[in-house]
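Structure first, commentary second.
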Amino acid sequence: MKKTEIVLIAIGLLGLVFRLLHLPGGAFFILIPFLILALSYMYLGFALFNGIKLRKIFKKDSYHNIKTARIIGAIGTGLALNITIFGIIFRFLYYPGASFLLIFGLISTSIIAIISIQKKQKDTEGYYVNILKRISVFGTLCLILVVMPFKTWLKMNDPGNPACIEAVMKSRANPDDPDLRKKVAEESEQMVNEYK
């Protein structure tokens, strides 16, 4: 993994800790570094995973020794990691669709991990080891968030606000009810005002 990736992951994980401890700036430190990583993996994954430097992406000779299957695999890995990271962002920031993204990301990263483990033995350049490192970080976090029940997740994030937890659970059960969404917004606003 590159130093920039490690720094972004560390800042994102720090943001997750801030969010769980209800410290200010948690959402910012989750969103910015993970968003940069997700977009980098999606749009530059084919070069990043194959060890091609940014300034050599558009040069034809950079791809001379790289097989087409590895480029396609790198693109697939970038998409899978992108979806997984967006699922993590959505879960931590309470955006709708987090469960779908997490499950889809977990399935896709699991498939890539299985393929990488099988091909790792023949790999002399460390290509599959690099992919496995990235997948293990985000796949493990994704697995934890998929396995953990949403109510437990809410209790961890808002331990002192059972009214908000109740409102969110009712709203999830009836997502088309505008009164329930309004109640969630009111309880969330009340919680934010208590932290000020």
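Because the structure is a prediction, the values reported are computed rather than measured.
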[X] with [Y], same ILVMFWY side-chain cluster at under 4.5 Å:
X: Ile135; Y: Ile72; result: no
X: Ile89; Y: Val7; result: yes
X: Ile114; Y: Val146; result: no
X: Ile85; Y: Leu132; result: no
X: Val129; Y: Ile6; result: no

Any heavy-atom pair between the side chains of [Y] and [X] that's under 4.5 Å?
X: Leu102; Y: Thr84; answer: no
X: Leu16; Y: Leu13; answer: yes
X: Tyr41; Y: Arg134; answer: yes
X: Phe29; Y: Leu14; answer: no
X: Ile144; Y: Met148; answer: yes
X: Phe138; Y: Leu106; answer: no

What is the minimum heavy-atom distance between [X] and [Y], and which atoms define it?
X: Ala74; Y: Asn50; answer: CB-ND2, 3.8 Å
X: Cys142; Y: Gly105; answer: SG-C, 4.5 Å
X: Phe18; Y: Gly26; answer: CB-CA, 3.6 Å
X: Ser108; Y: Ala80; answer: OG-CB, 3.4 Å
X: Ala47; Y: Ile57; answer: CB-CG1, 3.8 Å
X: Phe46; Y: Tyr43; answer: CE2-O, 3.2 Å

In Å, rounded to the nearest 0.5 Å, how long is the span from [atom1] of [X] to [atom2] of [Y]?
X: Lys3; Y: Leu8; atom1: NZ; atom2: CG; result: 14.5 Å
X: Ser116; Y: Phe49; atom1: OG; atom2: CZ; result: 10.0 Å
X: Thr77; Y: Ile131; atom1: OG1; atom2: CD1; result: 4.0 Å
X: Leu48; Y: Met42; atom1: CG; atom2: CE; result: 15.0 Å
X: Ile112; Y: Ile107; atom1: CD1; atom2: CD1; result: 12.0 Å
X: Ser40; Y: Asn82; atom1: OG; atom2: CG; result: 10.0 Å

- Task: Please state whether the rings of Phe90 and Phe86 are parallel, tilted or perpendicular, taking 30° and 60° as the class boundaries.
- Result: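 Plane angle over 60°, so perpendicular.
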- Under 3.5 Å, side chain of Tyr128 to main-chain N/O of Ala113, donor-acceptor pair present?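 Side chain of Tyr128 to backbone of Ala113, a donor-acceptor pair under 3.5 Å: no, none is there.
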- Message: For Asp176, is there any backbone N or O sitting under 3.5 Å from a side-chain donor or acceptor partner on Asn174?
- Response: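 Between the backbone of Asp176 and the side chain of Asn174 there is no qualifying donor-acceptor contact (under 3.5 Å).
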- In terms of side-chain heavy atoms, does Ser99 have a donor or acceptor partner in Arg91 at a distance below 3.5 Å?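 Result is yes, a qualifying pair exists.
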- Item | Validation row, ring centre Phe92 to ring centre Phe34 under 6.0 Å |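 That pair fails the under 6.0 Å test.
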